[in-house]
K.L.:
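The structure's right below; bear with me while I get my questions together.
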Amino acid sequence: MGEATRTVWTRKDLIGIDGLGRDELELILDTAPQFAGVSARKSGIKRVPLLQGRLVVNWFHEPSTRTRTSFELAAKRLSADTLGIAASTSSSVKGETLHDTLSNIEAMHADVIVLRHGCAGAPHILAAAHESHIVNAGDGRHEHPTQALLDAFTMREHIRRVREDPEATLDGVKVTLLGDITHSRVARSDIMCLNALGAEVTLCGPATLLPMEIERMGVRVTYDLREAVHEADVLYALRIQLERQKAGLFPSLREYIRLFRLDNESLKHAPEHALIMHPGPINRDIELAAEVADGPRSVILEQVTNGVAIRMAILHLLVNGG
Amino acid sequence: MGEATRTVWTRKDLIGIDGLGRDELELILDTAPQFAGVSARKSGIKRVPLLQGRLVVNWFHEPSTRTRTSFELAAKRLSADTLGIAASTSSSVKGETLHDTLSNIEAMHADVIVLRHGCAGAPHILAAAHESHIVNAGDGRHEHPTQALLDAFTMREHIRRVREDPEATLDGVKVTLLGDITHSRVARSDIMCLNALGAEVTLCGPATLLPMEIERMGVRVTYDLREAVHEADVLYALRIQLERQKAGLFPSLREYIRLFRLDNESLKHAPEHALIMHPGPINRDIELAAEVADGPRSVILEQVTNGVAIRMAILHLLVNGG
Amino acid sequence: MGEATRTVWTRKDLIGIDGLGRDELELILDTAPQFAGVSARKSGIKRVPLLQGRLVVNWFHEPSTRTRTSFELAAKRLSADTLGIAASTSSSVKGETLHDTLSNIEAMHADVIVLRHGCAGAPHILAAAHESHIVNAGDGRHEHPTQALLDAFTMREHIRRVREDPEATLDGVKVTLLGDITHSRVARSDIMCLNALGAEVTLCGPATLLPMEIERMGVRVTYDLREAVHEADVLYALRIQLERQKAGLFPSLREYIRLFRLDNESLKHAPEHALIMHPGPINRDIELAAEVADGPRSVILEQVTNGVAIRMAILHLLVNGG
């Protein structure tokens with residue numbers, strides 16, 4: 001892409017993958033590598049001053065270690081100030097509306113609000129009504145866009161390394177998402193992100209955990225794990241939420257494991273080069289055998305490392321443009 | 001006031017409005033404007049180094065977003081280190097006395113302790129026995145002095161702007177406090193602060209929520225909203241704590257709303273210039289109609305913004321004198 | 001000790017006192033004094049840059065003010081970044097293993113993990129499998145090594161001051177630990193640390209709270225307080241955990257107080273110079289009379305102050321060697 005046609009970031013918020021163009025998604029992916037080395041153990045660069053004096057507020061209404069920590073470190077490594085607001089000790093217990101709480105945070109000069117909320121659409125509604133930059137860190141079963149971006153980045157980095165082609169894209173890369181698609185905001189965002197970037201997405205899981213007519217999203221569906229892993233470049237296991245079983249959505253963990261678990265047995269049918277990914281936290285030996293999670297094909301911890309760089313890129317683009 | 005008679009801050013702590021002289025209150029108000037621009041979105045100044053290397057501890061025994069966050073940002077914008085101690089995860093659950101917990105915090109070289117506690121008098125008792133600077137961030141139904149100061153500052157700033165008189169004071173300004181006076185530490189501190197600064201305070205609310213003989217504090221009392229808003233320069237709605245209703249202190253929310261809510265209807269009887277204020281969090285459409293909270297007369301978010309500057313002024317005066 | 005034989009710190013982790021040599025323990029004690037003045041109220045030095053750009057993560061699975069705060073301040077005064085992970089809001093509630101959570105934290109470039117956990121051995125298991133530096137901040141009833149080191153440091157500093165001998169050691173110093181030895185990780189670490197440093201340890205408490213065959217650890221045991229305090233240079237009261245009484249481990253608080261409490265009465269039998277110590281939080285008037293806790297022999301708050309310096313020394317040695 002020449003300088004003349006270079007994409008520039010113009011959006012105030014990152015609410016979802018839905019509606020973003022391929023050029024915007026790639027701008028985020030292309031912005032991340034410069035941040036990948038910041039604060040690495042052997043790196044001389046501990047911080048960059050791109051958000052000096054800015055205030056990034058982590059406003060999480062659901063428990064989270066991974067995502068909250070990742071955003072906090074991303075903000076700090078950009079030299080921003082950070083502030084955490086836990087929903088349980090906050091005004092929300094006093095019945096204040098989200099709008100009013102946010103107006104208050106903004107009145108204290110917050111620049112970016114990282115919001116996780118149980119209600120789909122909450123970040124969208126707030127972003128439309130407020131001046132500060134809103135980043136969706138997961139809203140209900142709707143979207144988790146920063147997860148999708150770090151996933152795509154991890155796949156692309158790996159493919160570029162393996163192919164020794166620093167310009168390689170996800171075009172034609174075969175990605176299989178496994179497990180509970182219906183209840184997963186990660187799956188929704190991943191599907192849209194991977195589609196937009198040219199990858200070919202296959203979904204596999206129990207019929208009760210795959211949404212009706214999901215094929216309309218431009219994906220292939222199969223209920224057969226062997227077929228799902230065959231030819232896949234990436235095998236992405238989703239977290240099984242154990243409370244779904246009680247709701248009768250799958251017959252038993254034992255059956256789920258037998259039919260859909262990624263383990264050395266099921267991997268026999270996958271290409272040797274297939275990457276193993278998972279958004280975490282892992283239910284070891286349920287959706288993913290320990291031998292696979294910790295095996296040589298797993299890039300699960302690279303996903304976590306890349307998550308900080310992707311979130312630095314997003315915070316930087318939102319605040320400074322790019 | 002000439003240099004010769006300039007007030008100097010000499011107190012170790014800020015425990016309440018009670019006992020402070022008008023000169024001390026005005027010193028705090030006069031110290032705040034220099035901090036109002038720090039960290040504003042368009043400001044070039046992100047921090048001032050007045051509390052560099054000092055440790056400010058937020059020690060909150062009751063839930064709070066607004067006040068806790070405001071103090072944390074005030075401390076950070078003065079370049080102080082901050083530390084939060086949540087009561088629920090602290091030694092208080094192990095039965096340690098407040099004195100012992102504070103002695104421990106001090107032994108780690110804390111400079112300022114910002115304390116919110118459910119017991120009236122807790123900050124006073126601790127301040128008398130300890131060396132560090134204690135700031136009362138709300139104690140039981142007793143006082144909330146920093147709220148009163150930010151309220152007075154917001155009124156004064158607005159009057160100075162409207163009158164185009166940078167020396168204007170609150171002398172003769174008519175302020176009406178509305179709602180549950182009995183259970184409100186904000187009301188108590190506001191009454192004392194506004195009285196000391198020369199304002200004329202009127203209280204209005206259900207008789208069951210107004211203390212007996214409150215007139216002795218030098219205020220006018222009325223149970224009629226129309227009379228209360230008539231001629232008021234400032235209309236200050238207090239938060240109705242919904243649990244009071246269960247205790248039988250007012251007959252029904254519907255009746256409270258009909259008789260005491262600030263809405264476009266009741267504002268018809270108020271002067272056009274009357275400001276709308278509220279300490280937050282708002283119960284929308286109970287004590288304050290949304291149309292009024294978000295209307296052109298509302299300075300509720302200015303209160304929040306000014307809160308950070310007032311708290312910076314207080315921390316600076318306590319630590320550095322002035 | 002001459003330069004030629006100077007001990008160098010080579011361990012990745014601090015898991016327990018058990019297994020450390022006297023030279024290593026003394027290296028930690030000898031490293032602490034340079035940090036004692038950092039951030040003291042009258043000190044000009046607010047921070048030292050020894051951990052600049054490093055990330056220290058406080059990962060506490062049990063409530064704590066004192067220890068958590070002490071580590072957080074130690075890290076900040078070494079210029080490290082800090083991150084707190086509360087177990088209740090973290091992935092542990094989603095069933096993630098400790099190993100996986102730690103791998104995730106490490107993937108975000110954490111350098112030091114300060115871990116408190118209810119299970120004895122948790123820090124050891126994690127340290128063996130992970131690259132980051134692990135500091136045990138208390139594991140079950142097993143060890144609390146930083147407490148033992150700050151205790152030994154406080155004793156040694158005091159003895160050096162009293163004897164006016166800057167080289168004085170704990171050799172031959174008589175230390176009596178009082179109370180619930182069985183359930184105390186502080187007692188276990190203290191005994192090993194004091195033994196290694198040459199002190200003579202006596203234990204005293206109800207027989208039901210003293211482990212069988214504890215003499216094998218090289219301590220003297222007595223059930224008689226008068227005998228225990230007689231000739232002691234240091235009297236160290238442990239915290240009585242009140243829930244032990246319900247478990248029938250001692251007959252009544254009244255009886256415990258009568259037989260084992262340190263008060264002016266029982267101190268009559270102790271040498272005049274005996275120091276009073278306690279790990280906190282104190283149950284006032286149960287294991288320690290208020291008159292003694294606040295009396296002239298008490299160095300309980302010095303322990304807290306020294307705790308920060310000792311933890312700075314430990315963090316520095318682990319990260320930078322020494």
Side-chain angles (χ1 to χ4, degrees), chain A residues 36-47 58 60-77 79 82 84 86-89 116 239-243 278-286 288 290 293-294 298-309 311, chain C residues 12 47 49-61 63 72 75-76 78-115 117 126 128-134 318-321:
Chain A
V38 175
S39 208
R41 203 162 295 177
K42 281 155 199 163
S43 165
I45 300 161
K46 294 302 182 183
R47 296 189 166 211
N58 265 328
F60 275 63
H61 291 251
E62 296 180 340
S64 165
T65 300
R66 206 172 321 269
T67 307
R68 189 182 56 75
T69 301
S70 185
F71 271 109
E72 185 171 342
L73 292 175
K76 283 179 168 164
R77 287 171 188 166
S79 307
T82 60
S88 59
T89 61
R116 168 162 292 187
R239 175 178 169 76
I240 283 293
Q241 291 182 326
L242 302 176
E243 59 274 25
H278 190 288
I282 301 169
N283 294 306
R284 284 183 168 262
D285 294 323
I286 295 178
L288 208 56
D294 304 329
S298 168
V299 293
I300 293 171
L301 293 176
E302 281 178 45
Q303 288 174 269
V304 178
T305 301
N306 289 335
V308 180
R311 289 175 178 119
Chain C
K12 179 173 81 68
R47 297 190 165 208
L50 290 165
L51 259 71
Q52 191 112 53
R54 301 299 192 133
L55 178 60
V56 176
V57 178
N58 265 329
W59 192 22
F60 275 63
H61 292 252
E72 184 171 344
K76 282 180 169 165
L78 289 164
S79 307
D81 289 326
T82 60
L83 189 79
I85 297 184
S88 59
T89 61
S90 85
S91 297
S92 65
V93 302
K94 300 182 187 168
E96 191 175 46
T97 67
L98 285 180
H99 276 305
D100 280 345
T101 303
L102 179 51
S103 293
N104 273 276
I105 298 171
E106 285 185 314
M108 300 187 218
H109 306 318
D111 296 282
V112 183
I113 311 295
V114 178
L115 177 69
H117 201 278
L126 289 174
H130 292 267
E131 251 188 67
S132 54
H133 304 285
I134 309 284
L318 290 176
V319 171
N320 301 314

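Remember, predicted model here, so these are calculated numbers, not experimental data.
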K.L.:
Drop me the distance from C:D81's CG to A:R47's CZ, to the nearest 0.5 angstrom.
P.N.:
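Reported to 0.5 Å precision, the distance equals 4.0 Å.
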
K.L.:
Let's test your reading of the structure: which of A:E302, A:R77, A:E72, A:Q303 forms the most heavy-atom pairs below 4.5 Å with chain C?
P.N.:
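Answer, by heavy-atom pair count under 4.5 Å with chain C: A:R77.
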
K.L.:
Going by salt bridge (charged side-chain N to carboxylate O under 4.0 Å, His left out), name the residues that satisfy it together with A:R239, two or more places apart in sequence or in a different chain.
P.N.:
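Applying salt bridge (charged side-chain N to carboxylate O under 4.0 Å, His left out) to A:R239 gives none.
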
K.L.:
Can you name the side-chain hydrogen bond (donor to acceptor under 3.5 Å, both in side chains) partners of A:R284, sequence neighbours left out?
P.N.:
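Testing A:R284 for side-chain hydrogen bond (donor to acceptor under 3.5 Å, both in side chains), a comparison that skips the adjacent residues, returns A:D294, C:D100.
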
K.L.:
With a 4.5 angstrom heavy-atom cut-off, which part of C:I105 approaches chain A: side chain, backbone, both or neither?
P.N.:
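When you check distances to chain A, no heavy atom of C:I105 falls under 4.5 Å.
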
K.L.:
Out of curiosity, C:N104 CG to A:L301 CG, how far, rounded to the nearest 0.5 Å?
P.N.:
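Rounded to the nearest 0.5 Å, the CG-CG separation comes out at 6.0 Å.
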
K.L.:
Between atom CD of C:E96 and atom OG1 of A:T65, what is the distance when rounded to the nearest 0.5 Å?
P.N.:
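The distance works out to 7.0 Å.
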
K.L.:
A:T305 side chain to C:M108 main-chain N or O, any donor-acceptor pair under 3.5 Å?
P.N.:
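Side chain of A:T305 to backbone of C:M108, a donor-acceptor pair under 3.5 Å: no, none is there.
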
